[in-house]
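From a predicted model like this one, the values you see are computed outputs, not experimental measurements. Note on naming: letters A, B, ... go to the chains in the order of the sequence lines (proteins, then strands), and numbering restarts at 1 for each one.
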There are 2 protein chains.
Amino acid sequence: MLREDVTEAIRAAVFEELASVGYARMSIEGIARRAGVGKTAVYRRWRSKLHLVLDLVSAIAVQGLPAPDTGSLEGDLRLLYEVTSRALRHPVASQIIPDLQAEAARNPEIAEALQKALREGQHGVASGIVRAAVERGELREGTDEELALDLVSGPLYWRSVVVRAELDKGYLARLATATAAGLRAL
Amino acid sequence: MLREDVTEAIRAAVFEELASVGYARMSIEGIARRAGVGKTAVYRRWRSKLHLVLDLVSAIAVQGLPAPDTGSLEGDLRLLYEVTSRALRHPVASQIIPDLQAEAARNPEIAEALQKALREGQHGVASGIVRAAVERGELREGTDEELALDLVSGPLYWRSVVVRAELDKGYLARLATATAAGLRAL
DNA sequence: TCACGACGATACGGTTGCGTTCCGACGTGC
DNA sequence: GCACGTCGGAACGCAACCGTATCGTCGTGA
């Protein structure tokens, strides 16, 4: 029987390695070293670096996010942005996400795992918000959902991850207002 | 005197290596191999992989983009999106950009170079569009420019680079319409 | 014509990680 | 109290690069 505490130490080490050196530079030896564990323990659980990471990403994907339901489009967006921006503020997340995202451009398996996580996370929640707004009559019946999701998720990602500028007080509220206005124009 | 054709071959090889294996995995040996050149030729020009990449990124940053001026906010956005999406469609760009972006989270020098390229590229153009719209009276006087830039650039980046979904006919036009509406709400 | 310098090629010792194998120690279940 | 399987640690041969040095070749400018 594999020891669970060892497994957990390895998982934690992978996250740390992923954040500090990235997927490409990450090595099994480095993971074992950081976890205070023999290489054997790692190989006994996962066949390779790829399997290890895919496993972790899938595990996260399963979690899913809570769906906001404030009764208004703008309120829902505001809540979604609060949660998302808090998650993206964690250094671990903000380092790992773009790293894996870049890696996905080269590795179809990672791409698929990330897509799944995205679909069950951000994408799913945003989709729920938009549909609720349509049912409520806040958005038109024929609203282009794909475009709507891009309008909802794009700006915050751009600012947090690409531009990496800080979000001053009130930014999220104004973003929610502007986004809701854009959605109503669809 | 360093031979210019050799220099150019190295530059091209770097782009290809960057696209196919990424910054982290890229090696001087690999670059020289791909360029059909001795390692000596590379080291004679650049001290390291980092200097090489910084040099290339700066070179791109200098170029700058042409500023659209169609006379209307929506028209300008439309044109900007056409140009941007065409650029992002190139596999080389769509592989290299997220890769360097991820690397920037770890390396301040790369981050700075990318920020500069961003400022003189996408950011600058978008900024010009927004300001022109304000002068024209299409947008309010006190428009929050930072937020405006996120609204302009975020959605297309999200869709092209993160979600990696294709842009069907008419998408860019609808995106421009929705974005203009969002901006007017600021 | 001659000297200089960049060229590609090759080799150097050193480092790192690969994936595997063997070890003795420990702990748990029977 | 015994057997089994996991544990960390160490070593294996192999491969890739590092950055440097040293070749003989070739093209160009003085």
Nucleotides 6-12 of chain C: protein proximity per nucleotide (B base, S sugar-phosphate only, - neither; heavy atom, under 4.0 Å): SBSB---

Base-contact (B) and sugar-phosphate-only (S) positions in nucleotides 24-30 of chain D, heavy-atom cut-off under 4.0 Å, - elsewhere: -------

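For Trp46(B) and dC18(D), the CH2 to C1' distance is 19 Å, given to the nearest whole Å. If you take CZ of Arg25(A) and P of dT16(C), they are 15 Å apart, rounded to a whole angstrom. Atoms NE2 (His51(B)) and P (dG19(D)) sit 11 Å apart, rounded to a whole Å. Across the protein-nucleic acid pair, Arg34(A) atom CZ and dG17(C) atom P stand 12 Å apart, rounded to whole Å. Atom pair Lys49(B):NZ and dG19(D):C1' shows a separation of 14 Å (rounding to whole Å applied). One can place CD1 of Ile28(B) at 13 Å from C1' of dT20(D), the figure rounded to the nearest angstrom.
Under the 6.0 Å distance and 45° angle rule, Arg86(B) does not count as a cation-pi partner of Tyr81(B). Cation-pi geometry between Arg106(B) and Tyr23(B) is not satisfied (NZ or CZ under 6.0 Å from the ring centre, within 45° of the ring normal).
In this structure, Lys39(B) contributes its side chain and Arg33(B) its backbone to no donor-acceptor pair below 3.5 Å. One N or O on the side chain of Ser160(A) and one on the backbone of Leu156(A) form a donor-acceptor pair closer than 3.5 Å.
In this structure, CD in Glu120(A) is found 5.0 Å from NZ in Lys116(A), a value given to the nearest 0.5 Å.
Looking at Asp150(A) and Arg174(B), no side-chain N of the basic residue comes within less than 4.0 Å of a carboxylate O on the acidic one, giving no salt bridge. By the 4.0 Å N-to-carboxylate-O rule, Arg45(A) lies too far from Asp55(A) to be salt-bridged with it.
Counting non-hydrogen atoms under 4.0 angstrom, Arg33(B) reaches the backbone sugars and phosphates but no base. Residue-level contact check: Arg47(A) touches neither bases nor backbone, having no heavy atom under 4.0 Å from any strand.
Ring-plane geometry between Tyr157(A) and Trp158(B) is classed as perpendicular, the angle between the planes exceeding 60 degrees on a 0 to 90 degree scale with a lower cut at 30.
Taking all atoms of both residues into account, the shortest heavy-atom contact from Leu175(A) to Leu151(B) is CD1-CD2, 3.7 Å.
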